[in-house]
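In what follows, every chain begins at residue 1, and chains take the letters A, B, ... in the order their sequences are listed. For the numbers below, each heavy atom of this structure counts, side chains included, while hydrogens, waters and symmetry mates do not.
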Amino acid sequence: MYQDQRPAYDPDRIETKWQKKWAAEDTFKAEFPSAKPKFYGLVEFPYPSGAGLHVGHPRSYTAMDIIARKRRMEGFNVLYPIGYDAFGLPAENYAIKNHVHPSIVTQENIKNFRAQLQKLGFSFDYGREVDTTDPNYYRWTQWIFLQLLKHGLAYKAEMPINWCMSCKCGLANEEVVNGVCERCGGQVVRKVKSQWMLRITQYAQKLLDGLDTVDFIEKVKVQQRNWIGRSEGAEVDFTIAGTQDQMRVFTTRPDTLFGATYMVVSPEHPFIEKYQDVIRNYAEVTAYRETAARKSDFERTELNKEKTGVELKGLYAINPVNGQQIPIWASDYVLMSYGTGAIMAVPAHDTRDHAFAKAFGLPIVEVIAGGDVETEAYTDVADGMLVNSDFLNGLRVAPAKAKIIDWLEEKGLGERKINYKLRDWVFSRQRYWGEPIPVVHCPHCGAVPLPESELPVLLPNVENYEPTDNGESPLAHISDWVDTTCPQCGHAAKRETDTMPQWAGSSWYFLRYTDPHNDAAFASKQAQDYWMNVDWYNGGMEHTTLHLLYSRFWHLFLYDIGAVTSPEPYQKRTSHGMILGENGEKMSKSRGNVINPDDCIADIGADATRLYEMFMGAFDQAIPWSTNGARGCRRFLDRVWRLMENIREGKGFQKELAPVMHETIKKVGDDYEAMKFNTAIAAMMSLVNAFSAAGGCTRDELKTLVLLLAPVAPHICEEMWEQLGFGSEIAYVAWPKYDPEAMKRSEVEIAVQVMGKLRGHIMVNPEMTDAQAQHELPAREDLRAIMGDKQLMKLIYVPGRLCNLIVK
RNA sequence: GUGGGCAUGGUGGAAUGGCAGACACAAAGGACUUAAAAUCCUUCGCUUCGGCAUGCGGGUUCGAGUCCCGCUGCCCGCACCA
């Protein structure tokens, strides 16, 4: 044994040293071409805000960094890229306030983000950085838009959209949360505007089916499925009495058709205007309609609200199954945006219809036996039996459904139909800082896509970034940019002044990483063939029905047009939990509980910051920050560092430590793969405790620990690796292997239970079989002592864990 | 309402149906120090010392934090979706 005086652990010095070396030597460059197997690990690229990196970023980035670093040690050619999702409102708002071009602010922010990321020692290949605001990048975003347009998936439509009063900008459905703007919390109202739309609904089924082929955490699949909202049913035509006209409804319960006692249409339903001469109380209906229009979608759909409505007096429909004439009502609980904007009401078996019928004294007819339909709607579909339904009587719900749909189709009264809740994607934004939509409006030819050779359509310089109250983009004022000629007929024409939403650039960025400097294509076929798909994508749950869904849609589309070679872009998707403030609340400036990663690094170093973020709790759960907890992680690294001062002589592992060494190698590797970083780190802490108990560790034991810890705390491990004389770079040293044989112990302590209660412990050979245990254990003195004078009836033996004695 | 998840010490959290509380944080005591910091060593769920304890009540099992049934509470998603 020898004593060794070394300088104390100094993360500042070590971390700077290794970060410089990695940058200078391009240590984490993803090789292409390469004969090695590849691994593509992806994290969501940040929006480079002025506030700088949040402690939430390193949680995701460190986790994937651990996987990426482990893969390199396992012999993979690793692509772990980073970039900047840099279009967006904050830069634009800053520009409005300070009259600085958003690109200048953006570039400054990117510089700051890059420096912060580098200080954390992530093994990104910075040579492949992408920036969505770079014309060489957004040129391809525009190119993809042109393909969508060419294939009929982008279209312009006059439609009521969600309009944020404060951003003065249209929003996608996905961006409206609880009736307010997801970004600024501003009030959202309905505004009719001509908007670019993407037909994501055409991909509803593919988006659903694709989920069965990928390895996403279940939570993500469930949320996407709910969002897409598939429901199976039928569309049925009701004739308007006295006309040949038909009103079509969608229902998931065609089996209850005999119980339809009235119909309800949305206040916006076109039949109201169409039959204004027939409707006797048209003035009343119009008044109701106006009240409904003034309400936001949120108010209209608020829960526990009294049902309101108005009868369209004089207008009746004929129930196609029994020829009965039934009244038609208008109510705002029926939405124009789902189904056909009209429903058949079956108050006996639908809670909403029941409430409405009770409120307005409409008849309730029971068609499924089993409940008391006067008191409440009977909605159980499992046990119900059809009654009062002519040829459906006596059938259960499921067969009745099948039979009635066949009957409707045969008679031409309706058809099987699948509906989705998913809406088309509102794709235009009336703002400056986004990708220009590469389209020209020509008075003769209409909306004309620009030829691909004219890409990129560059954002012009403007003086004033302020959006206008009439809903026009600031670009509309730049006449020498707006005024152009039609690429089709050559006449004077105007450019589209709306820009794309922030989701555009992030919908395909993972493809660009495979070949970021390509001028001829968004990525070469060869690069895609080698790198795609993304093997593992970690990101936030908040993007499940936004970015994650949008990018799957774009990729499915690119697959359909032969631009990419697989339908799904991501093989595996995991998600990290949020980091909360020390008070357990969500971190925010207004709550004053924001933790700045720079401060944490200055306090305990980057390695300890990374270690703490991985140790603080289960990776997928929300966890409050604890400065003390973080310091505890720093203390652990101090202890690891000091292990170098007291190295025991001898090769290999000390005999008594060999089993725990091998167990730790196995556990740390397995736990990293399962993203159970907290228990992996706990195992390494235990190992260090075991070294202390043993009076020190050997050089080989320390070597193993350093290799295991390197993915989490790379700087200190590189430094120790070098100081211990193992070489000059740990990043590509082989990941340690464990030997299952070496984990075996000759004797272990097992618990002895009597009638399931813990009563003592004995030492046994863990290899002992059940047969041996049944034979040997009852004869043992120590066991008999625990058992006392009871009579043994049965012995349950669990190898290496316990034995339970059933006695009389 | 509906879909999903969760409930374990003072705190964050461990635990393939098999010794509940690993690993940390905090706290308390001690050693070293003129002193403090750092470090090291103890203690650390409750207990009337029989036991009792994983939100509550049942059940299955030799054995339940873990599985099943019924509640309560919290978190997240969706929400009048016909």
Undergrad: Measuring from the side chain of A/I623 (C-beta onward, heavy atoms only), which nucleotide among B/A14, B/G77, B/G12 has the closest atom?
TA: B/G12
Undergrad: From CD of A/Q621 over to C1' of B/A14, roughly how many Å is that when rounded to an integer?
TA: 13 Å
Undergrad: A/D620 CG to B/C75 P: how many Å, rounded?
TA: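 That distance rounds to 18 Å.
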Undergrad: Counting only Watson-Crick pairs (N1-N3 plus N6-O4 or O6-N4) and G-U wobbles (N1-O2, O6-N3), all under 3.5 Å, who is the partner of B/G1?
TA: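 Here B/G1 is engaged in a pair, and the nucleotide opposite it is B/C78.
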Undergrad: Rounded to the nearest Å, what distance is computed from the CG atom of residue A/L637 to the P atom of nucleotide B/C23?
TA: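 In whole Å, B/C23 P and A/L637 CG are 18 Å from each other.
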Undergrad: Test ring-ring contact (aromatic ring centres under 6.0 Å, His included) on A/Y262 and A/F356; report intermediate values, then the result.
TA: CA-CA 11 Å; A/Y262 62 100; A/F356 192 84; 5.7 Å; yes
Undergrad: Please step through salt bridge (charged side-chain N to carboxylate O under 4.0 Å, His left out) for the pair A/E376 and A/K358, ending with a clear verdict.
TA: CA-CA 10 Å; A/E376 60 172 354; A/K358 280 284 173 197; over 6 Å; no
Undergrad: What is the separation between atom CZ on A/F677 and atom P on B/G12, rounded to the nearest whole Å?
TA: 22 Å
Undergrad: Starting at OH of A/Y262 and ending at C1' of B/A82, how long is that distance when rounded to a whole Å?
TA: 11 Å
Undergrad: Nearest to the side chain of A/R642 - B/A82, B/A15, B/U39?
TA: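 Closest of the options to the side chain of A/R642: B/U39.
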Undergrad: Find the distance A/M755:CE to B/C62:P and express it as a whole number of Å.
TA: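 Whole-Å distance recorded here is 10 Å.
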Undergrad: With a 3.5 Å limit on both atom pairs, tell me what B/G63 is paired to, counting Watson-Crick and G-U wobble, or say none.
TA: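 Across all strands, not a single nucleotide pairs with B/G63.
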Undergrad: Below 3.5 Å, can you tabulate the donor-acceptor pairs from side chains in residues 686-694 of chain A to any protein atom, sequence neighbours excluded?
TA:
unit_1	atom_1	unit_2	atom_2	d
A/S686	OG	A/A682	O	3.1
A/N689	OD1	A/R639	NH1	2.9
A/N689	OD1	A/R639	NH2	3.3
A/S692	OG	A/R639	NH2	3.2
A/S692	OG	A/V688	O	3.4

Undergrad: Could you list, one pair per line, each protein nitrogen or oxygen that sits under 3.5 Å from a nitrogen or oxygen of nucleotides 24-32 of chain B, together with the distance?
TA:
unit_1	atom_1	unit_2	atom_2	d
B/A24	OP1	A/N689	ND2	3.0
B/C25	OP1	A/R635	NE	3.3
B/C25	OP1	A/R635	NH2	2.8
B/A26	OP2	A/R635	NH2	3.4

Undergrad: Round to a whole Å and report the spacing from CG of A/D671 to C1' of B/G13.
TA: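 One finds 14 Å between C1' of B/G13 and CG of A/D671, rounded.
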Undergrad: For A/A683, answer base if it contacts any base atom (sugar-phosphate contacts may also be present), sugar-phosphate if it contacts only those atoms, and nothing otherwise; contact means non-hydrogen atoms under 4.0 Å.
TA: nothing
Undergrad: Mind calculating the distance between CD (A/E613) and C1' (B/G13) to the nearest angstrom?
TA: 17 Å
